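In this text, all values refer to a predicted model and were calculated from it rather than measured experimentally. Numbered from 1 within each chain, the chains take letters A, B, ... in sequence-line order. What you see below is based on every heavy atom in this structure, not just the backbone, and it leaves out hydrogens, waters and symmetry mates.
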Number of protein chains: 2
Amino acid sequence: MTESAPRHSTTTPEPPAHDRVYRGLRQQVMHGELTPGQALTLRGIGRQFGVSMTPAREALRRLTAEGALSLSASGRVTTPELSNDRIEELAQIRALLEPELASRALRRAHLALIDRMEIINEANARAIHRQDPVDYIRTNLEFHRTLYLRAQSPAMLGLLETVWLQLGPTMRALYTRLRRTTAPPHHRQILEALRAGDDAALRLALRSDVTQGLRHLQG
Amino acid sequence: MTESAPRHSTTTPEPPAHDRVYRGLRQQVMHGELTPGQALTLRGIGRQFGVSMTPAREALRRLTAEGALSLSASGRVTTPELSNDRIEELAQIRALLEPELASRALRRAHLALIDRMEIINEANARAIHRQDPVDYIRTNLEFHRTLYLRAQSPAMLGLLETVWLQLGPTMRALYTRLRRTTAPPHHRQILEALRAGDDAALRLALRSDVTQGLRHLQG
DNA sequence: CATGCTCAAGCGTGATCACAAATTCCGCAT
DNA sequence: ATGCGGAATTTGTGATCACGCTTGAGCATG
């Protein structure tokens with residue numbers, strides 16, 4: 001199980017195993033590659049990443065601390081199955097944080113950024129047309145994160161990412177179920193408000209975008 | 001190192017060691033019992049709680065995931081030394097979340113709750129008079145949390161608690177430095193707004209209370 | 001056909017160890 | 001006094017193991 005790849009000593013110092021496992025699992029959860037209620041075992045994770053139980057345990061502990069995974073009373077770890085109330089609340093948190101982050105990014109959003117968002121949005125539209133839920137979620141989050149990175153508010157973005165993480169498996173289940181075929185209507189409004197430098201319109205567009213996506217569940 | 005206490009089998013099932021360690025450290029951090037930059041070692045924590053490195057490692061991993069502790073490049077763990085920018089940002093997050101939580105709690109805040117907050121506030125005033133920073137922080141957070149619990153928004157309260165956690169050691173350093181002798185002036189306004197059922201006044205009082213406490217640093 | 005029971009397989013937990021990297025400390029030279 | 005270099009100590013990391021509990025499949029019982 002030892003790493004046999006020779007290193008040039010000047011390359012990157014190779015991150016610890018528990019961090020590799022953490023990042024791998026985190027991406028799987030956030031992008032909706034796992035369905036709600038899916039069980040994860042220490043030995044299984046260890047096998048999947050070629051490590052022992054120890055780094056697997058640390059990665060799972062870290063992810064459960066962020067709310068990405070939920071812990072049963074007996075210590076077993078699964079992807080969370082969120083109640084409707086919990087989904088609603090997480091959406092409201094998004095609706096609180098994301099307009100704020102967008103507003104903070106507005107003054108720093110130059111044209112190159114908006115162009116980049118446009119490109120990501122096109123990739124998002126392709127993912128929808130291809131009916132690919134994982135790539136849809138991935139590009140959608142990338143669209144938002146690209147904007148929020150300009151807000152220069154790392155703590156707030158960090159909080160928001162844990163919210164995204166908690167919603168990952170649910171979003172997957174949701175978008176697979178309703179098989180949307182039309183692009184998110186509010187992304188265009190977001191881009192237009194950015195170009196116009198219109199703070200109020202930007203906040204409204206984000207609130208709508210965030211709310212709409214998750215409100216479909218409450219049927 | 002085995003647990004020798006006999007159990008009646010019908011008592012509480014005794015939480016795992018890593019959880020005991022986590023809770024102990026979390027309280028120390030949140031209540032400002034640790035100063036910023038303080039180093040924590042696996043073997044040291046293990047010794048302090050009478051366990052091996054393994055549960056200590058899990059507790060530290062969990063706390064760093066919540067931002068309560070910071071991790072150096074070499075894997076060493078310390079309490080965070082926050083930059084002024086970071087403190088400012090965390091205060092702004094509090095100013096965003098806490099008025100929202102208070103507003104949600106408003107309709108459910110009956111008289112018994114307000115009385116309980118009044119009692120906590122008196123304990124808070126005594127802690128100030130006694131110049132006891134740990135008890136000041138503890139009662140201050142308890143005052144706020146008592147209110148927010150009524151908001152029935154566990155996810156939002158959870159996020160807020162991680163923010164409090166990140167500010168713990170800094171608040172300790174702050175309040176020790178400026179040795180305040182006067183009670184937080186906005187707590188009375190909060191209680192009055194609650195009694196009057198005045199949402200706008202409540203939100204304003206909370207924003208002021210949160211902002212004022214941490215703005216003193218920017219000197 | 002439904003319900004409760006048994007037990008073996010699989011699980012998380014915590015202790016211990018070897019190892020490599022980092023840090024600390026002490027003595028020497030400046 | 002002050003800076004530097006190398007050894008000694010301390011540190012996090014990851015593998016492994018034993019232990020006790022949970023769990024679910026299969027079978028017997030109602």
Side-chain angles (χ1 to χ4, degrees), chain A residues 1-25 34 37-66 68-81, chain B residues 1-25 34 37-66 68-81:
Chain A
M1 221 62 79
T2 53
E3 186 65 32
S4 59
R7 292 243 152 236
H8 301 98
S9 85
T10 53
T11 52
T12 55
E14 175 127 19
H18 66 82
D19 205 54
R20 265 189 30 230
V21 176
Y22 166 75
R23 271 199 271 268
L25 287 176
L34 276 41
Q38 190 159 342
L40 302 179
T41 67
L42 294 180
R43 292 167 175 85
I45 299 298
R47 219 172 302 126
Q48 180 181 340
F49 287 86
V51 296
S52 79
M53 287 169 53
T54 310
R57 203 192 318 197
E58 297 185 59
L60 290 186
R61 196 65 73 191
R62 204 170 153 189
L63 286 163
T64 58
E66 296 179 315
L69 300 172
S70 70
L71 199 58
S72 88
S74 65
R76 272 156 162 87
V77 172
T78 60
T79 51
E81 303 184 87
Chain B
M1 218 61 77
T2 54
E3 186 64 33
S4 59
R7 296 241 147 237
H8 300 98
S9 83
T10 54
T11 52
T12 54
E14 176 126 19
H18 65 84
D19 205 54
R20 264 187 33 229
V21 177
Y22 166 77
R23 271 199 270 268
L25 287 176
L34 275 41
Q38 191 158 341
L40 302 179
T41 67
L42 295 179
R43 292 167 177 86
I45 298 298
R47 219 172 302 126
Q48 181 182 340
F49 288 87
V51 297
S52 79
M53 286 168 53
T54 310
R57 205 193 314 199
E58 297 185 60
L60 290 187
R61 196 66 73 192
R62 203 169 153 190
L63 286 163
T64 59
E66 296 178 316
L69 299 172
S70 70
L71 199 57
S72 87
S74 66
R76 268 151 166 91
V77 172
T78 61
T79 52
E81 302 184 89

Calculate, to the nearest 0.5 Å, the distance between atoms [atom1] and [atom2] belonging to [X] and [Y] respectively.
X	Y	atom1	atom2	result
A/L42	A/E58	CG	CD	11.0 Å
B/R62	A/T64	CZ	OG1	6.5 Å
A/L25	A/L69	CG	CG	7.0 Å

Mind calculating the distance between [atom1] ([X]) and [atom2] ([N]) to the nearest angstrom?
X	N	atom1	atom2	answer
A/I45	C/dG10	CD1	P	17 Å
A/L42	C/dG12	CG	P	4 Å
B/R20	C/dG14	CZ	P	9 Å
B/D19	C/dG12	CG	C1'	13 Å
A/M53	C/dC11	CE	P	10 Å
B/H18	C/dG14	NE2	P	5 Å
A/R76	C/dT13	CZ	C1'	12 Å

[X] (side chain) and [N] (base): donor-acceptor pair under 3.5 Å:
X	N	answer
A/T54	D/dA15	yes
B/R57	C/dG14	no
B/R43	D/dG12	yes
A/R61	C/dG12	no

- Does B/S52 have a side-chain nitrogen or oxygen under 4.0 Å from the phosphate oxygens OP1 or OP2 of C/dA15? yes

- Does C/dG12 have OP1 or OP2 sitting under 4.0 Å from an N or O in the side chain of A/S74? no

- Message: Please check: side-chain N/O of B/T79 versus main-chain N/O of B/G37, any donor-acceptor pairing under 3.5 Å?
- Response: yes

- Message: Between A/R61 (side chain only) and B/R57 (backbone N and O only), is there a donor and an acceptor less than 3.5 Å apart?
- Response: no

- Task: Have a look at B/L60 and say if it touches a base, only the backbone sugar-phosphate, or nothing, with a 4.0 Å heavy-atom cut-off.
- Result: nothing

- Message: Please classify the nucleic acid contact of B/L40 as base, sugar-phosphate, or nothing, using heavy-atom distances under 4.0 Å.
- Response: sugar-phosphate

